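First the structure, in the form of structure tokens, and then the observations on it.
Quick caveat: nothing in here was measured; it's all calculated off a predicted structure. Lettering follows sequence order; numbering is per chain, from 1.
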Amino acid sequence: MVRVLCVAEKPSISKAITGILSGGQFTTRNTGSNFIKNYDFDYPRTNARFTVTCVAGHLTERRFDDAHNKWHSCDPFALFEAPIVTTIPNDKKAIETNLRSEARNAQTLMIWTDCDREGEHIGMEIVQVCRRSNPQIVVKRARFSAIIAAQIHNAAQNPVELDRAQADAVEARTILDLRLGAAFSRLQTFNLQARFPQQIQELVSYGPCQFPTLGFVVARYEQVQAFVPEPFWYIYMSLTRPLSSDEGDEVVEFTWKRGNIFEHGVAFVIYEGVMRDPLARVTKVTRKETKKWCPLPLTTVELQKSGNRLLRLAPKKILDIAEKLYQEGFLSYPRTETDQFDPQFDFQSLIAKQTADPAWGAFATRLQGDGFQAPRKGKNNDNAHPPIHPTAYAGQLVGDEKRVYEFITRRFLACCSKDAEGWMTIIDVVAGGEDLNSQCFVSLGLVVLERNYLEVYTYDKWTGKTVPEFEEGDEFMPTVCELKEGRTTSPSLLTEADLVGLMDKNGIGTDATIAQHIQTIIDRKYVMARNEGATKYLVPSTLGIGLVEGYNKIGFERSLSKPQLRRETERMMVQVCQGQRTKGEMLAESIEKYQDVYVRARGQFNQIYEVCSS
DNA sequence: GCAAGGTC
């Protein structure tokens, strides 16, 4: 029998594929690593003996050689071309040992890492380690897009090859980020510490993700600073009339369809025209069904955005809690870009686990009947992990863990239910006569008929508004018809949720790292959190503003604090993946560009000092 | 004392 060594990217995957391929009949061995087990079983479909194990993310690390690793060993500019060595860090040595000894006993190595760029690269790292103990080992790659029995069996029986181009793209980015990070971090730190020895003792780091992140915070701050409120005018119209049923009056408000007018003279002339014949006539009454859609399945970025907004927790904190709940078996894998469930996904067994809860159990029970509807499908699929969902009932949690679990569970149940349904009434009105003076107004009413998902997803609000009773042709004299003045309001400073959204939209960081980059710019004192009421806003420090403003003077396309340069790196990685460029070409071109940026940046420090001393 | 990306 052929002996096959299967290596997954993380413990949860090795356990899951073992469960599926072995049909539950397997033996477990410990390894030198606390959290990694080796599983053995026969796989008769390919007449093989399987051992399944895993790594924990990347196996190797890169650093500069000894001649350049020390901070004052060289001019930072030399780091663009200094030799780089690859090592296995100490906390990964036990994993390496396990792979080497398992590979010795196997004829075939089957890579089961996630099917993305990083997964191909981790796969290559695994291959290199295994070949050192077994140079003859045959390498295969299992290709799967979800942990579903049929797919996993298919992957085991029809393996493909590792994709070297994808691994190369990751390698190029790794090297580039190390060179840039080190060169610019040392440049910034040396210069600023020398100029402000009293104020700046700590590291002034640069990173191709942390700087665009900082850039967003500074850009919004400057918009707020530069904001000047502008007055505008609009016609306000309302009708107060006695209610037909009980005592009291109702006030029906009408919105002017022209919106806001920024010139007082123009607004006043229109208003005078209306006042010559203010009798209002109902031109149309529309009554129609309307819906409020239930939410999409939950991705990591969405979890962090909504969690920050609704639970008021830092994105990093939310991800840490989700990670812990995942380790404890309560949640599915918390780092996913996927907002669509696989058609074969087993919703009912997961819903059944929630029926015991005192708060949402009754709702879950209804989803076991005709309350259920298959979730909407979003546009994203990382082909590795399903949307975040509860995998077991957790009744004992307290504090923030309870709140995060509750949010994820309510969100999952809401996804599996029907849209809220309502009845909307639109009253169109014209006032000011029938000639050029006439102006259009509108009033909206809403009756919520079926709350459906809203009953469990208590974070969404959808409230009814009394429907005014009008018929086409009705006429009335408005109780109030006046020209009102308003003022434009300043944009808000960024919240963490806003920043997560901007980073996601601009491709800065990944689902797993976005929260870390935000934490980094706070730790480095480029940004502070300011509480206003219950909301936390991000405010840049003088140092943060100085760095961004200084670099922005280099020009938009090359500024280190704009998303463009990172987008370019990302674009080149895609080209390497598609074979349109080699790893070497990507590196050479990027390094040359950043050397140019470096020289320009070095010339900006007087500007940066100036802002920082103000 | 430098990065970003995986993951524990």
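- Remark: P of B:dG5 and CZ of A:R117 are 9 Å apart, rounded to the nearest angstrom.
- Taking the six-membered ring wherever Trp is involved, the centroid distance between the rings of A:F41 and A:F26 does not fall below 6.0 Å.
- The A:P208 side chain lies nearest to B:dA4 when the options are B:dC8, B:dT7, B:dA4.
- Counted by atom type alone, A:Q193 and A:T189 present zero donor-acceptor pairs between their side chains at under 3.5 Å.
- As judged by a 4.0 angstrom heavy-atom cut-off over every strand, A:H72 is placed among the base-contacting residues.
- Here the P atom of nucleotide B:dG6 and the NE2 atom of A:H385 are 10 Å apart, to the nearest Å.
- Checking the phosphate oxygens (OP1, OP2) of B:dA3, no side-chain nitrogen or oxygen of A:T174 falls inside 4.0 Å.
- Closest heavy-atom contact between A:G509 and A:I514: C-CG1, 4.2 Å.
- Phosphate contact (OP1/OP2 of B:dG5, side-chain N/O of A:R566, threshold under 4.0 Å): present.
- Here A:D116 lies out of heavy-atom contact (under 4.0 Å) with every strand.
- With centres under 5.5 Å and a plane angle under 30° as the test, the ring of A:Y206 is not stacked against the base of B:dA3.
- Between A:H58 atom NE2 and B:dA3 atom C1' there is a gap of 13 Å when expressed in whole angstrom units.
- As judged by a 4.0 angstrom heavy-atom cut-off over every strand, A:D114 is placed among residues touching the sugar-phosphate backbone only.
- The interatomic distance linking A:D65 (CG) with B:dC2 (P) rounds to 19 Å, in whole Å.
- One atom, CD1 of A:I84, and another, P of B:dC2, lie 17 Å apart when rounded to the nearest Å.
- Note on A:G181: only backbone sugar-phosphate atoms sit closer than 4.0 angstrom, heavy atoms only; bases stay farther off.
- The cationic group of A:K562 does not satisfy the cation-pi geometry with A:F216, failing either the under 6.0 Å distance to the six-membered ring centre or the 45° limit from the ring axis.
- For A:R132 against A:E96, the heavy-atom pair with the smallest separation is NH1-OE2, 3.4 Å.
- Residue A:F64 is in base contact, counting any heavy-atom pair closer than 4.0 Å across all strands shown.
- When heavy atoms are screened at a 4.0 angstrom cut-off, A:L180 is found touching no nucleic acid atom at all.
- Contact annotation: A:R335 reaches the phosphate of B:dC8 (side-chain N/O to OP1 or OP2, under 4.0 Å).
- Ring-plane geometry between A:Y405 and A:Y393 is classed as perpendicular, the angle between the planes exceeding 60 degrees on a 0 to 90 degree scale with a lower cut at 30.
- Across B:dC8, B:dC2, B:dT7, the shortest atom-to-atom separation from the side chain of A:L203 is found for B:dC2.
- In the set B:dG1, B:dA3, B:dG5, B:dA3 carries the atom at the smallest distance from any side-chain atom of A:S185.
- Considering only side-chain atoms of A:A512, the nucleotide from B:dG1, B:dA4, B:dT7 that sits closest is B:dT7.
- Listed pair A:Y333 / B:dT7 meets the phosphate criterion, a side-chain N or O lying under 4.0 Å from OP1 or OP2.
- Between A:Q516 and B:dA4, a side-chain N or O to OP1/OP2 separation shorter than 4.0 Å is absent.
- One can place CD of A:E570 at 14 Å from P of B:dA4, the figure rounded to the nearest angstrom.
- Residue A:G509 is in sugar-phosphate contact alone, with no base atom involved, counting any heavy-atom pair closer than 4.0 Å across all strands shown.
- Rounded to whole Å, atom P of B:dG5 lies 8 Å from atom CE of A:M503.
- Using the six-membered ring where Trp is involved, A:Y551 and A:F184 have ring planes that are perpendicular, over 60° apart on the 30 and 60° scheme.
- Using a 4.0 Å heavy-atom cutoff across all strands shown, A:E171 reaches no nucleic acid atom at all.
- At a threshold of 4.0 angstrom between heavy atoms, the contacts of A:T113 with the nucleic acid are absent.
- You'll find that the side chain of A:E9 is closest to B:dG6, out of B:dG6, B:dA3, B:dG5.
- Using a 4.0 Å heavy-atom criterion, one finds that A:P76 contacts no nucleic acid atom at all.
- Proximity of A:Q210 to the phosphate of B:dA4: a side-chain N or O atom is located under 4.0 Å from OP1 or OP2.
- Put simply, the side chain of A:D177 and the base of B:dC2 share no donor and acceptor less than 3.5 Å apart.
- Nearest-nucleotide positions on DNA chain B place A:R63 closer to the 5' end than the other of A:R63 and A:L59.
- Between A:H517 and B:dG5 there is a side-chain N or O to OP1 or OP2 distance below 4.0 Å.
- Between A:S205 and B:dG1 there is no side-chain polar atom (N or O) within less than 4.0 angstrom of OP1 or OP2.
- Closest-nucleotide positions on DNA chain B for A:Y326 and A:Q201 were compared, and the one nearer the 5' end corresponds to A:Q201.
- As a whole-Å value, the separation of A:H121 NE2 from B:dA4 C1' is 12 Å.
- With ring centers used as reference points, A:F80 lies 6.0 Å or more from A:Y594.
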